[in-house]
Structure formats: structure tokens, C-alpha cells
Student: 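Below are the C-alpha cells for one structure; questions will follow.
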Amino acid sequence: MGLGKRSLWRLLLPALRHIFRASPRESALLLGLLVLGGLVPVAVLGLTRALVDQLATTLGGSPFTPTLLWPLVGLALAFGLDFLLTPWVVYLQGSVNEKLTARVHLLLMEKVAGTPDLTPFEDPRFHDELQVLRDQAPYQPLNLLVFLGNAFREVLAALGVLLLLFGLAPFFPLLLLLATLPQAWLTFRLQKGVWEALLFGAPEARRMRYFAEVLLSPETAKEVRLFGLLPFFRRRYLEVFHSLYQSLRRARGRQALGTSLLVLLSALFTALALFLGLRQTLLGGSLGSLVLLLQSVGSLQQNLYALVQDGGMLYESLLYFEKLESFLARPASMAETGPGRKVQGFEEIRFEGVGFCYPNGKRALAGVSFALRRGERLALVGENGAGKTTLVKLLLRFYDPTEGRILVDGIDLREIDLKAWRALITAVFQDFGRYALTLEENVALSDPDVKPDPNRVAEALRLGGAWELLQRLGPQALLSKAFGGTELSLGEWQRVALSRAFFRKAKLLVLDEPTASLDPKEEAHLYRRFAEMAGGKTVILITHRLGSVRMADRILVLQEGRLVEEGTHEELLRRKGAYAELWRLQAQLYET
Ligand SMILES: Nc1ncnc2c1ncn2[C@@H]1O[C@H](COP(=O)(O)OP(=O)(O)OP(=O)(O)O)[C@@H](O)[C@H]1O
């Protein structure tokens, strides 16, 4: 059998650990009930044998003799127990399943969101594995519990019956087991095939989900309707579906065919065992033994067949938990540098020959060197794709430079405690988050460890230009139409994102295109408030609107990942280089 004893344990142990950690008491209770349930079929066979033997000796006598009564009562109790156990096993399986499913989701959330950098998102395999684990999280835990429970009961019952039979005719159980082995081997092998088809089909499944998402999501709803995108994405969905479906269907078809062929082989073995067993009993066994033998052929065969089928399904769930384990054990992508130095502020941040290539090989920065002093307001400008956002991502340590280093007061950023470093920084990103939470929560998220003080929230909203929003909606307004709340315009969302950045008490403020969705009046107001609030704070501003970079003490101009100019607005204009050219182009737009 492809599944050796060691590998079975290697698969079973992590799954069992998750079950017991999710719900220790209920899992232990469930195990107890399953043991009881597994003993019932054995008890029924044993009691039937005793009953028939007693019947044979008391034929013609009273039906109420104690020797007849006790196996009868025993049988009634065994059947009653079987019925009684079922609802409680189902109850416990349901209950453990809910906790186990929540545990799987929580582990995935902690692993993904707990990874400090963004490198894993660059790896398509990471997305594929996450997709399979997420998609199957709602049902694999339940499958595990149900099929593990079934298999456990079936193993116990089969062992008990085999043991009973062993006393009668030792070759009999051996033959029956032999009959089951090829079937079991094939089932496990094919089940693995189905799982691999699921796993290797993950990129397709991810594309399918994406095509469906485009048609279902409110973000794309306008273009879908205007451009009539339903047939296009429906066709793309079906193309991927058909290829994925074919490979899964082939795997499942092989499974059904293989099982059918082996069932015939098993039937032959069983017939042989039955014939030999009967012959031996007729030659000198009791009537009870004969009944036991006949009954157990059906029961054991059914049992072993169910065991193989349930075992196959269980195997798939175990493979799911194995994948979960390996996903959780993914090594950290960012080089660990020990506990890290705690910092509470900085005097100077220095980029020294910093270069960066994304994991796909795309070079985004090369040989960038500059220093930023505390309290300075620095603007980064350059064409699309020049590397401005990448530079900020390195500063926030979402990635480490592939060349050169970033020094904070002479200490390499990699040696600084990441949490302490990030606590010094607040930011508004180009693709800021829009959370389906209240207005107050949306703002206070940047400092989630403290209970939001309404005055502090109001002050942040004022600085972010969302004071009017606060007056109109109130702090408890839910910002999500999908959940029955209010929907904001893009510019209003940007004001909320700005307020969130200002709510955090930080020393360095990073603003990546903070005014892209703001009206000109608000943009002008915002920069005035910057001057008011940024006092003492270090600011890095990325923007294409050159009018607003005049507020900066210094401007860095990036071109194709290289720092090509550096200076104040006036200095750069005098230099008549790249910045002056950008300025001239923008000014022209207003002049004509
Ligand atoms: N995750 C990524 N993987 C691979 N390449 C990337 C990734 N993110 C950005 N790039 C590439 O790196 C280069 C720099 O991108 P970056 O976002 O830093 O530019 P930018 O100057 O901020 O541009 P924009 O003004 O358009 O925001 C671009 O060519 C971009 O295509």
C-alpha cells in the first residue's frame, strides 16, 4: 500500500493535534462515544452467537429462561445504545467542526497578516496554496471529523469481528483482509490523484474565481455594465472551468473504474473465504458459530468496504491538513536579525547605494543615496514607474534592499526592531483601505491598541479634511453600503484615509499621492493644515502635482529607479533639468 504506517501517522498526528487544540473537552468526549459505537457491532455479533447457541440447547423449552433472556436484553441494549449515540456523535462533530473551522481560518489569518513583509505576495505558489486552503477551509474540517469518526468506528468494529472470527477459523479473517488490501491501496492512490488535481488546478481555480469576482463585485460593476462585459468574463470563466473540470473528472473516473474492478476481485476472495469457513464449521462447529460466520461475512465485508471508502475521503482531508501544516511552516521571507534594537526616534535616515529588484526580477531602484533629517519635508517626484512607491516600501521595510543599505542614525534598518520602527511611521498609501467599519473605527485603526478618544478622532478628522463628514454622519456611521451603512465618494474616502494617518502619533509621515482624489480647494486647505500639523514631524510626500511639492524643503527626482536630481523647487528650476521639464509641461496645461 502506498500509504505506509509511518506516513499515516505523519498525516494523522497534525490533524489530531488541530482537532484536540480546537476543542479539547468535546474532542475527548467524541472519541469516547466513537469507541463505544465501534464496540456495538462486535457486541451484537457476540450476543447473537450466544443467543443462537442457547436457542439450540433449549429448543422446545420456555422462552423466558434466564440463559436466553440475558443475550436478548444485551442485544436490545446494544441496538438502543447505537441509536442513542448517533445524535450525540453528530452534535459533537458539529460543535468540534465549528471550532476547528474557526481555528483553521484564524491560523491562516495569523500566518498571512502576521508576515511582516510583502514578499510572499510576489510568489504565485503562495497565492495558489492559500486559495486551496481558503476554499476548502469550510468543509475539510467537517470531512476530517466525519470520516475520521467513521473510519475509527469501522476499524474498531472490523477488528472486533476479525478477532471473534479468528477463534473460529483463523484463515477466514486473513482472507477477508487480503481481499480488501488491493482495493484500499487503489482508493488511497486515486484519492491522492484527485487531491493533486485539485492542488495543481489551483492557478486555474484562482483565475475562475477572479473572473467570477469581476462580474460579482461592486468595484467593477460600472465597467461591466457600460462595456457589456458579462459574455466576455462568462466565456473566460467557462474556458477555465472546462479544462479544470476535465482533469478532475478524469481523476474521479479512474477512481470509480478502479474501485469497480477491485470490488469483483474482493468478491472472489470473499466467496472463497465463505466456502472454506462454512466447510470447517459444518465439520464440527456449533450452530451459533455458523450464524456468527454467516452474519459476519456480510457485516465485515460491508464494514471493510465502508472503511476503504471513508478512509479514502479521510485521506483527502489529511492531505489538506498536511498542506495547512506546510503552509504555516513556510519560512519567513525576511532575513531574521535577532531581537532588534528598539528605537524611539531618529535624527537622520540615510539611503546608501540602495538598489532593489522585485522577486520577479524587475529592477525598480538602483544606486539611490540621500539623507533625510528629522523635521525635514521631502518630496519625491518622477514619472509613473520611476520607483517612488518602491523607495517608501523599503523605508517601511515591506521589503529589504537587494543592494546597499538604509541607515537610521548609523544603524542598518535590518538591525532595528521592526515593530518599534513602524510605530514611528504613519502613512497614506495610494491604494488606501476602505473598511466596512464606523467612521470612528476607520480613523482610530491606525492606533488599534487604545480605546479611541472622541476628541482625538475629531481632531484627526479635522486635519484630514473630514470635519464636515463627521458633522453630517456622526462618528458611529457605518461606512459600507453592503452592510446597510453609508457609501462615501472616493474623495471622501481619501479624507478618511488621511485622518487615519493623522490619528497615529508618529514621527515620520509618508504621503503617497494623498490628494489624487481631492478637489483643488481641499488640496490647498490640506497643504495649509500640513504646515500647521507637520511642525517637528518628518514628511515624505509623493505626488505628481508639482504645485504642491513647493511646500517641501527638498525635492528628489527619480527616473527609471535612479535619483537624478535633488534640491529645492527654485534650485531645480534653475538647473533646467528633468524637474524643470516636468514643471514646464504641467504649467503649459494651465496656460493654454
Ligand atoms: N510587486 C511588484 N513586482 C514587480 N514589479 C513591481 C512591483 N511593484 C512595482 N513594480 C515595478 O517597479 C517599478 C517601480 O514601481 P513604483 O510603484 O515604485 O513606481 P512609482 O514611481 O511609484 O509609480 P507611480 O507614479 O505610477 O505610482 C515599476 O516599473 C513597476 O512596474
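Just follow the structure's listing: the first ligand is 1, and inside any ligand the first atom is 1.
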Student: So, is the end of the Arg500 side chain (NZ or CZ) under 6.0 Å from the ring centre of Phe432 and within 45° of the ring's axis?
Tutor: no
Student: Could you check whether Ser317 and Gln140, counting side-chain N and O atoms only, form a donor-acceptor pair closer than 3.5 Å?
Tutor: yes
Student: Give the residues near ligand 1 by chain and number, with the criterion being a heavy-atom distance under 4.0 Å.
Tutor: Glu122, Tyr358, Asn360, Lys362, Ala364, Glu383, Asn384, Gly385, Ala386, Gly387, Lys388, Thr389, Thr390, Lys393, Gln430, His544
Student: Could you give all pairs that pass the salt bridge (charged side-chain N to carboxylate O under 4.0 Å, His left out) test and reach residues 212-231, with sequence neighbours left out?
Tutor: none
Student: What salt bridge (charged side-chain N to carboxylate O under 4.0 Å, His left out) pairs are there with at least one residue in residues 100-127, not counting sequence neighbours?
Tutor: Asp123-Arg330
Student: For the residue pair Trp467 and Glu459, confirm or rule out a side-chain donor-acceptor distance under 3.5 Å.
Tutor: no
Student: Could you give the side-chain donor-acceptor pairs of residues 475-484 under 3.5 Å, partners two or more places apart or in another chain?
Tutor:
from: Ser480; atom 1: OG; to: Ala482; atom 2: N; distance (Å): 3.4
from: Ser480; atom 1: OG; to: Phe483; atom 2: N; distance (Å): 3.1

